[in-house]
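The next block holds one structure in the form of structure tokens; read it before the comments.
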Amino acid sequence: MTAGINAPGRARISVRSLRTDRWWLPPLVTNLGLATFVIYATVRSFMGEWYWVNDYHYLTPFYSPCISESCVPGSSHFGEWIGELPGWIPMGFLALPFLLGFRLTCYYYRKAYYRSVWQSPTACAVAEPHAKYSGETKFPLILQNLHRYFFYVAGLVALINTYDAIVAFHSPDGGFGFGLGNVVLVVNVVMLWAYTLSCHSCRHIAGGRLKHFSAHPVRYKLWTFISKLNVRHMQLAWVTLGTLMLTDLYVMLVASGAISDLRFV
Ligand code: FES
């Protein structure tokens, strides 16, 4: 190889890095965290059961919106647009590809999986295994530029999740009800909004390409608010992976009868 660390003029060092600290630990933890979510979300998305609690109207975000005749009665908040689905198509098929696209093209997740999965590079002063680097200027990585469009759809899905959380204030006798499941669903939705609004594309849409903030006070306020969230984008990216899994797990446990929902009203 004559490129990368083997390019002419580069120092000849036989080991991958001269670093003596545990530089491999952050990428390892990142890989474990991402793998946990991917495996959990895949298994649950294809499971096809325990996603709806009819007594309390809890719907897991992994199956929302549920728009086919395969959905159990009550779980289709926006109607059944299509017939029965074969088992190999997840019932949340409408939103899942866009949410996957949104996270895959997210600026933070890009950093995380470029370093940890693709090892390009794994860490500062650690040689990467790839000979060439073409950045995001060629196929397929040029598709990362679709992020802002995924952001628009993710905003719509967050609205749908918000609606799901509101209609879940339901009691078995048909009136208002409130239980631990509502707390779980609402916390998840608040975190999803925080993650979605802290998006770099969202910040640019709010305040980008302006010459004078003083001439656009509303956009400036929005940009200021989003900028404060934006510095927490990495944390929110991880927190939302956790809240999504916990919300789904809670709905699954209640729906399957493994636990009872703790009711306050
Ligand atoms: Fe992460 Fe947009 S940059 S969601």
Side-chain angles (χ1 to χ4, degrees), residues 26-27 29-38 40-42 45 60-62 64-65 92-123 135-165 185-210 219-248:
V29 172
T30 304
N31 272 333
L32 288 175
L34 293 177
T36 303
F37 181 80
V38 169
Y40 180 89
T42 305
S45 297
T60 170
F62 289 166
S64 178
F93 76 95
L94 189 64
L96 289 178
F98 293 102
L99 294 179
L100 183 67
F102 184 50
R103 299 250 171 185
L104 271 181
T105 59
C106 162
Y107 288 61
Y108 167 66
Y109 286 113
R110 271 143 83 169
K111 171 187 154 187
Y113 68 75
Y114 284 173
R115 288 187 184 181
S116 306
V117 180
W118 194 240
Q119 308 214 349
S120 181
T122 317
E136 296 177 335
T137 56
K138 294 195 178 131
F139 184 82
L141 291 185
I142 198 165
L143 296 178
Q144 302 283 27
N145 293 303
L146 294 174
H147 184 64
R148 77 187 64 180
Y149 303 106
F150 285 123
F151 163 76
Y152 294 134
V153 183
L156 282 178
V157 176
L159 278 175
I160 292 170
N161 292 153
T162 306
Y163 180 80
D164 295 340
L185 286 171
V186 169
V187 167
N188 178 55
V189 149
V190 169
M191 288 296 118
L192 282 181
W193 273 116
Y195 169 68
T196 307
L197 292 177
S198 68
C199 167
H200 295 260
S201 291
C202 177
R203 182 169 175 263
H204 181 75
I205 289 162
R209 290 179 166 258
L210 290 182
R219 289 185 67 185
Y220 176 63
K221 282 257 181 246
L222 273 176
W223 179 85
T224 309
F225 170 71
I226 292 166
S227 296
K228 284 183 187 147
L229 280 179
N230 182 255
V231 293
R232 301 260 174 262
H233 194 59
M234 178 184 80
Q235 288 90 335
L236 290 164
W238 283 107
V239 165
T240 47
L241 289 192
T243 56
L244 277 167
M245 282 195 290
L246 283 176
T247 304
D248 177 78

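For ligands, and for the atoms within them, numbers begin at 1 and follow the listed sequence.
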N/O/S from H233 sitting under 2.8 Å away from atom 1 (Fe) of ligand 1 | yes

Ring geometry between H147 and Y107 (parallel below 30°, tilted from 30 to 60°, perpendicular above 60°) = perpendicular

Which atoms of ligand 1 sit under 4.0 Å from any heavy atom of Y195?
-> 1 (Fe), 4 (S)

Rounded to the nearest 0.5 angstrom, the OH-CH2 distance for Y195 and W238 is 11.0 Å

Between NE2 of H147 and SG of C199, what angle is found at atom 2 (Fe) of ligand 1, rounded to 10 degrees?
-> 100°

Report the part of F151 in contact with ligand 1, treating N, CA, C, O as backbone and CB onward as side chain, heavy atoms under 4.0 Å; options are side chain, backbone, both, neither.
-> neither

Honestly, is R103 close enough over Y113, meaning NZ or CZ under 6.0 Å from the six-membered ring centre and within 45° of the axis?
-> no

Provide the closest heavy-atom pair for S198 versus N230 in the form atom of the first, atom of the second, distance.
-> O-ND2, 2.7 Å

Atom 1 (Fe) of ligand 1 to nearest N/O/S of C106 less than 2.8 Å | yes

When T243, T60, N188 are each screened for side-chain hydrogen bond (donor to acceptor under 3.5 Å, both in side chains) with D248, the one that passes is T60

Using a 4.0 Å heavy-atom cut-off, say whether F102 meets ligand 1 through its side chain, its backbone, both or neither.
-> side chain

